[in-house]
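One structure below.
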Amino acid sequence: MAQRKLIIDCDPGIDDVLALLLALNTPTCSVALISLCFGNIGVTTSVRNVVATFQVLESERQYRSKHKLPLLPYHLHNSPGDNSTWPIVALGSTIPLSSRRTVGAEFFHGIDGLGGVHESAPQFSPSETCILPFYDPKSLSADQVITREQVIRDAKGYIPTSRQSWREILRILREEPEDTVTIVAIAPLSNIARAALEDPPTFSRVKEVVCMGGNIDIPGNMTPFAEFNFYADVDAAAIVLATTSRTPSSTLPPSSIAIATSFRGVEDGSEYNPVKFYLFPLDVTSRHRLRKQWFVERCAGWLDKTSIATLHPGESPLATWMTVWLGAAFGKMEDLITLDGSSRHYAADQADGVNGAYIEMHDPLTMYFAIVSDEERAASFNVAENMDIRIETVGQWSWGMCVLDRRGIAKRHPHEPRPSRDDDEWLDNTKGNRVNLVVEGPGSQTFGTKLLDRVLGDLEAR
């Protein structure tokens, strides 16, 4: 399998970090860029979580070397002294394209996005000065510039930049061969939309965009109609989905027309190609869970230790760090299950054959699709191709809703007669979006086991 080059756009809360660990520990993938967006938490907090991830991976390298344990794939393909394989990390959007609503998910992920890990287990946390390399030195004091340079020299596993992340996305797409870079979008789509608007022909060089967002036949997790990522920036979601169309202007929302001047005329030019886009809605991601019981069994019961804030001799830094924030997430889910008491949780227990707390693997499942071989995709996922899915951007109650034509009428050539009125051009086969909708995945237990095996590797000496 040829190596896949990835751009990961994320808002590193709990399942985002699991998705990052999954990608970083996949030998057939090369992560070129980690682009940070507002979402679960703010982008400055996201930086600290990403830097912590790389610091813990380096601690894990030392631990495994000392105890003669097999190194993780990340360690084998990323030398601490060679930054040629390290991903760039860049800050992106701090607010939606149109700042009409601001959301966050601290209620679930915690104020720091990782269940309070920076307070409860500070030995794993980088200094707050880790943010300095992401700012233009011209905006910093003389002392901050000195500290900034030291932080850059000390960085292990990643390369910080002060360039805006959507411009880094475009730079990579220009420099890499066409149709070789996959964008994995597991945050609000603000950064992706900014890149698409700034330079549509360059953006269309992407091989594919694999996105977690939306809901089709089940309720949303923000409103009855909307999922978090799409709800957080509806204009961005509508713009990015419009890049899949032969005529992007046909599905741009009224609120976006003024800022979408870059798309004028692209339908008539030969430089723009519709983007291949795979959508992972809540319908499929919520059926893939990581169970507390599976993690406890995998990590020899560490989740139930009396103290997990102190790293005990002989214990994996990575597993102990994960125990802190996964433990917080499982605890939050236990509270929600008690409060909710709905049949949804009972159905999940029946499907998994396990009771108790779980976390829905929205972002890791999306990442898994992006990193596996084409053969594994075909064997593990079912995809409904070329679905005309549009985003509601002006509705009072339906803000962020995924809208489909459910009339069952086939699209037609513009010159063919149509059986009904078509004011919004739903029946014109040259108009509308072309979204590949993922409807089935490998299953909860199969995926949960693969995720833990990939992320944690072998924790026993041979």
* To do: Please lay out, stage by stage, how Gln62 and Glu58 fare under the test side chain to side chain donor-acceptor pair (under 3.5 Å).
  => CA-CA 7 Å; Gln62 296 169 20; Glu58 285 307 311; 5.5 Å; no

* With Arg377 as the cation and Tyr278 as the aromatic partner, state whether NZ or CZ is under 6.0 Å from the six-membered ring centre and within 45° of the axis. => yes

* Pair Lys450-Tyr368, side-chain donor/acceptor within less than 3.5 Å -> yes

* Asked: So, Asp388 side chain and Gly432 main chain: donor-acceptor pair closer than 3.5 Å or not?
  -> no

* Asked: Ignoring hydrogens and geometry, is there a side-chain-to-backbone donor-acceptor pair from Trp399 to Tyr231 under 3.5 Å?
  -> yes

* To do: Would you please say whether a donor-acceptor pair under 3.5 Å links the side chains of Asn433 and Thr251?
  => yes

* **Side-chain donor-acceptor contact under 3.5 Å, Ser46 with Asp11** => no

* To do: Could you check whether the rings of Phe369 and Phe381 sit parallel, tilted or perpendicular, using 30° and 60° as the cut-offs?
  => perpendicular

* To do: Flag the pair Phe203 / Ile192 as yes when at least one side-chain heavy-atom distance between them is below 4.5 Å, and no otherwise.
  => yes

* Give a yes or no on whether Glu119 atom CD has more than 12 heavy-atom contacts from other residues, nucleotides or ligands under 6.0 Å away. => no

* Output yes when a side-chain donor or acceptor of Asn191 lies under 3.5 Å from a complementary backbone atom of Gly92, and no otherwise. => no

* **Residues Asp374 and Arg4 bridged, charged N to O under 4.0 Å** => yes

* To do: Scan Asp9, Asp235, Asp233 and name whichever one has a side-chain hydrogen bond (donor to acceptor under 3.5 Å, both in side chains) with Ser190.
  => Asp233

* Give a yes or no on whether the backbone of Gly81 and the side-chain of Ser79 come within a donor-acceptor separation of less than 3.5 Å. => yes

* **Pair Asp179 + Lys276, salt bridge at N-O below 4.0 Å** => no

* Step by step, would you call Val439 with Asp283 a side-chain contact (heavy atoms from CB on, under 4.5 Å)? -> CA-CA 7 Å; Val439 295; Asp283 307 55; over 6 Å; no

* Asked: Counting distance only, does the side-chain N/O of His77 pair as donor-acceptor with the main-chain N or O of Tyr74 below 3.5 Å?
  -> no

* Donor-acceptor pair, Glu227 side chain versus Phe230 backbone, under 3.5 Å? -> yes

* Qualifying residue for side chain to side chain contact (heavy atoms under 4.5 Å, CB included) with Phe228, from Met212, Met222, His362 -> Met222

* Before giving the answer on side-chain contact (heavy atoms from CB on, under 4.5 Å), spell out for Leu36 and Phe134 the whole-Å C-alpha distance, their side-chain angles and the decisive distance to 0.1 Å. => CA-CA 11 Å; Leu36 300 179; Phe134 300 92; 5.8 Å; no

* To do: Using atom types as modelled and distance alone, determine if a side-chain donor or acceptor of Ser139 lies under 3.5 Å from a backbone N or O of Tyr135.
  => no

* Should the heavy atoms of other residues, nucleotides or ligands under 6.0 Å from CD of Gln150 be counted, would the total exceed 12? -> yes

* Could you check Thr28 against Thr26 for side chain to side chain donor-acceptor pair (under 3.5 Å), going step by step and ending with a plain yes or no? => CA-CA 6 Å; Thr28 53; Thr26 299; 5.8 Å; no

* Taking C-beta and beyond as the side chain, do Gln55 and Trp321 meet within less than 4.5 Å on heavy atoms? -> no

* To the nearest 0.5 Å, how far apart are CG in Leu6 and OG in Ser30? -> 7.5 Å

* Asked: So do the side chains of Thr449 and Trp294 get within less than 4.5 Å of each other, counting heavy atoms only?
  -> no

* Asked: Judged by modelled atom types alone, do Gln164 and Glu168 share a side-chain donor-acceptor pair under 3.5 Å?
  -> no

* **Audit row: Ser380, Glu376, side chain to side chain donor-acceptor pair (under 3.5 Å) steps and yes/no** => CA-CA 6 Å; Ser380 299; Glu376 176 68 11; 2.8 Å; yes

* Asked: Among side-chain atoms of Asn40 and Asp16, is any donor-acceptor pair under 3.5 angstrom?
  -> yes

* Ionic contact status for Glu178 with Lys207, cut-off 4.0 Å -> no

* To do: Please examine the side chains of Asn78 and Trp86, heavy atoms only from C-beta on, and report whether any two atoms are closer than 4.5 Å.
  => yes

* Are the side chain of Arg61 and the backbone of His75 linked by a donor-acceptor contact shorter than 3.5 Å? -> yes

* Taking the side chain as C-beta and beyond, is there a heavy-atom pair between Asn49 and His118 under 4.5 Å? -> yes

* **Ion pair Glu198/Arg194, N-O distance below 4.0 Å** => no

* State whether the side chain of Ser245 and the backbone N or O of Leu241 hold a donor-acceptor pair below 3.5 Å, judged by distance alone. => no

* Asked: Taking side chain as C-beta onward, heavy atoms only, is Leu24 less than 4.5 Å from Val31?
  -> yes

* Side chain to side chain, Glu360 and His288, heavy atoms closer than 4.5 Å -> no

* Main-chain N/O of Glu176 paired with Arg205 side-chain donor or acceptor, under 3.5 Å -> yes

* Structure fact -> Checking Ile186, Asp363, Leu365 against Phe280 for side chain to side chain contact (heavy atoms under 4.5 Å, CB included), the one that qualifies is Leu365

* To do: Could you list the residues that satisfy side-chain hydrogen bond (donor to acceptor under 3.5 Å, both in side chains) with Asn229, not counting sequence neighbours?
  => none

* Does Lys156 pair with Asp154 as a salt bridge, N-O distance under 4.0 Å? -> no

* Quick one: does Arg287's side chain get under 4.5 Å of Ser444's, heavy atoms only? -> no

